[in-house]
Amino acid sequence: MSTETPRRRGRNRQQLRTGYTTGANATAAALAATRALLTQAAATTVTIRLPGGQEAPFALHTCNFGAEFGRCSTIKDGGDDPDATHGAEIGATVTYTDTPGIVLAGGPGVGRVTRPGLGLEVGGPAINPVPRQMITEHVAAAAGAALPAGRGLRVEIWVSGGEAIARRTLNARLGIIGGISILGTTGIVRPWSTAAYRASVLQTIAVAVRQGATHLVLTTGGRSERFARRLLPDLPEVAFIQMGEFLGWSLKTISAYPEVVRVSVAGMVGKWAKIAQGHFHLHVSNSQVDPEFLAALAADCGAAPALVAELRVANTARHFQELCLQAGLTGVFDRICALGARQMREYVKAPYAIEALMIDFDGELRGRADAPGGTYSPEEVAAAHAAIPDGDEDE
């Protein structure tokens with residue numbers, strides 16, 4: 001089988017090559033393994049459909065089969081923004097079961113969830129919801145009428161050397177043990193931490209202002225943008241800007257346009273936990289969520305001592321959110337947003353009003369707060385902006 005790395009041949013407008021997520025690779029391997037089992041024939045390539053509707057071709061690294069199994073793999077290519085899983089072999093083994101339906105399992109190298117707060121079943125494999133759906137839908141479509149009556153399929157996702165790869169990630173800290181996570185919401189890895197990406201954000205801001213937008217919305221990615229559009233349906237599409245991790249730099253860039261009078265920032269609880277503490281480069285490697293800080297805010301908002309103790313050891317910001325919602329402590333989310341909005345205004349010395357929107361993983365608005373624009377001297381603004389990195393540096 002070919003050992004060529006699967007690549008997305010297209011490039012974005014900044015000439016940076018995108019790649020495919022672990023979830024997309026697992027889907028490709030599962031589809032190929034299903035076909036190999038059902039047809040008893042090997043293949044060298046496979047094409048899947050991504051959540052956005054695009055077709056994505058993959059070269060298969062291995063493809064084997066027998067009367068009761070199909071086993072195929074791909075090599076993950078992270079494009080021009082490779083991470084710890086770049087170059088990993090991601091595979092799937094598909095076997096028959098005696099019960100109709102499709103069972104998804106985690107094999108060697110795929111992490112096991114041991115703590116709550118990740119939106120996944122504790123004890124189950126660390127395969128996120130979108131990859132789960134992609135894998136299941138592709139396998140079901142491939143099986144169709146070819147599956148013998150009364151039988152189902154077991155799809156086991158595996159990653160060669162996944163346990164070793166996971167040591168270079170934060171998985172263990174999150175309670176994901178024994179391997180990596182199978183991730184991805186779009187199937188595509190886009191290079192975020194680059195000067196070219198920042199240039200595209202700058203261009204997007206400039207275009208929005210030229211088209212008359214005076215209220216801009218910054219989001220960390222496609223999902224938070226979709227949710228923000230539901231909350232702000234009267235704004236034109238051009239007003240929504242995916243800033244990636246570069247919050248401080250994006251706010252500074254907007255300050256160059258006096259036409260802008262309001263900026264909304266939409267994100268989930270983990271991002272707001274960082275912003276409320278004064279972190280403005282939001283990549284996971286630059287800042288971590290502090291459960292002690294969040295627990296202290298909850299205590300200020302009236303949380304009972306037992307809840308505060310539980311929040312201090314929350315596994316993730318999402319876990320913190322879940323515990324607060326269970327206890328009916330919803331005011332803490334507005335409090336976090338209020339701190340975040342003030343932090344952003346003071347950090348950039350913003351003349352425009354800043355709105356903080358905390359959205360949960362289901363698109364529900366959990367927190368909201370405003371900070372009015374400030375009045376600062378030219379010297380204060382110049383000093384603040386000179387201290388804001390361009391985006392690649394740690395803050």
Side-chain angles (χ1 to χ4, degrees), residues 1-9 19-51 54-77 85-111 124-128 130-162 165 179-184 187-188:
M1 289 298 138
S2 169
T3 58
E4 179 186 354
T5 309
R7 294 173 182 265
R8 179 174 170 82
R9 296 298 180 185
Y20 291 121
T21 62
T22 49
N25 279 268
T27 301
L31 175 59
T34 301
R35 288 175 175 170
L37 169 62
L38 295 174
T39 66
Q40 292 293 285
T44 58
T45 62
V46 67
T47 298
I48 67 170
R49 184 172 294 276
L50 301 177
Q54 314 95 308
E55 290 192 342
F58 287 79
L60 296 177
H61 178 60
T62 61
C63 189
N64 300 294
F65 63 90
E68 295 292 324
F69 78 93
R71 180 181 172 90
C72 298
S73 67
T74 65
I75 300 296
K76 192 216 173 193
D77 177 15
T85 61
H86 179 68
E89 182 185 14
I90 298 175
T93 302
V94 178
T95 54
Y96 289 119
T97 66
D98 293 328
T99 304
I102 297 168
V103 177
L104 183 59
V110 173
I127 304 175
N128 276 22
V130 172
R132 284 173 180 267
Q133 182 177 354
M134 290 173 63
I135 293 166
T136 302
E137 288 179 351
H138 279 76
V139 169
L147 193 62
R151 306 201 77 179
L153 294 174
R154 181 179 187 273
V155 182
E156 181 183 270
I157 305 300
W158 49 269
V159 180
S160 296
I165 296 171
I180 68 168
S181 303
I182 304 300
L183 304 171
I188 299 173

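Between V159 and K76, every side-chain heavy-atom pair lies at or beyond the 4.5 Å cut-off. Side-chain contact between Y96 and L38 is present, with at least one heavy-atom pair separated by less than 4.5 Å. No side-chain heavy atom of E68 sits under 4.5 Å from any side-chain heavy atom of T95. You'll find the side chain of Y20 reaches within 4.5 Å of the side chain of L50, heavy atoms only. Counting heavy atoms from C-beta outward, L37 and F65 have side chains that stay 4.5 Å or more apart. A heavy-atom distance below 4.5 Å is found between the side chains of L60 and T74.
Listed by chain and number, the residues in a side-chain hydrogen bond (donor to acceptor under 3.5 Å, both in side chains) with T21 amount to none (sequence neighbours excluded). In this structure, the side-chain hydrogen bond (donor to acceptor under 3.5 Å, both in side chains) partners of R49, at least two apart in sequence or on a different chain, are E55. With sequence neighbours excluded, the residues satisfying side chain to side chain contact (heavy atoms under 4.5 Å, CB included) with S160 are E89, W158.
The shortest non-hydrogen separation linking T22 to S181 is OG1-O, 3.6 Å. Nearest heavy-atom pair across G187 and A24 is O-CB, 3.5 Å. When all heavy atoms of A29 and I90 are compared, the closest pair comes out as CB-O, 3.8 Å. When all heavy atoms are compared, the tightest approach of G150 to P100 is O-CD, 3.8 Å. The two residues A105 and P125 have their closest heavy-atom pair at C-CG, 4.3 Å. Nearest approach of I182 to A26, heavy atoms of both residues: CG2-CB, 4.0 Å.
Between L147 atom CG and L153 atom CG the span is 5.0 Å, to the nearest 0.5 Å. For the atom pair CD1 (I75) and NE2 (H86), the distance works out to 10.5 Å, reported to the nearest 0.5 Å. Atoms CD and CZ, on Q40 and R35 in that order, are 15.5 Å from each other to the nearest 0.5 Å. Expressed to the nearest 0.5 Å, how far CD1 of I48 lies from CD of E137 amounts to 11.5 Å. Atom CZ of residue F58 and atom OG1 of residue T47 lie 9.0 Å apart, to the nearest 0.5 angstrom.
Judged by distance alone, the side chain of T97 and the main-chain N or O of T99 form a donor-acceptor pair under 3.5 Å.
When each of T27, I127, I157 is checked for a side chain to side chain contact (heavy atoms under 4.5 Å, CB included) with R132, only I127 meets the rule.
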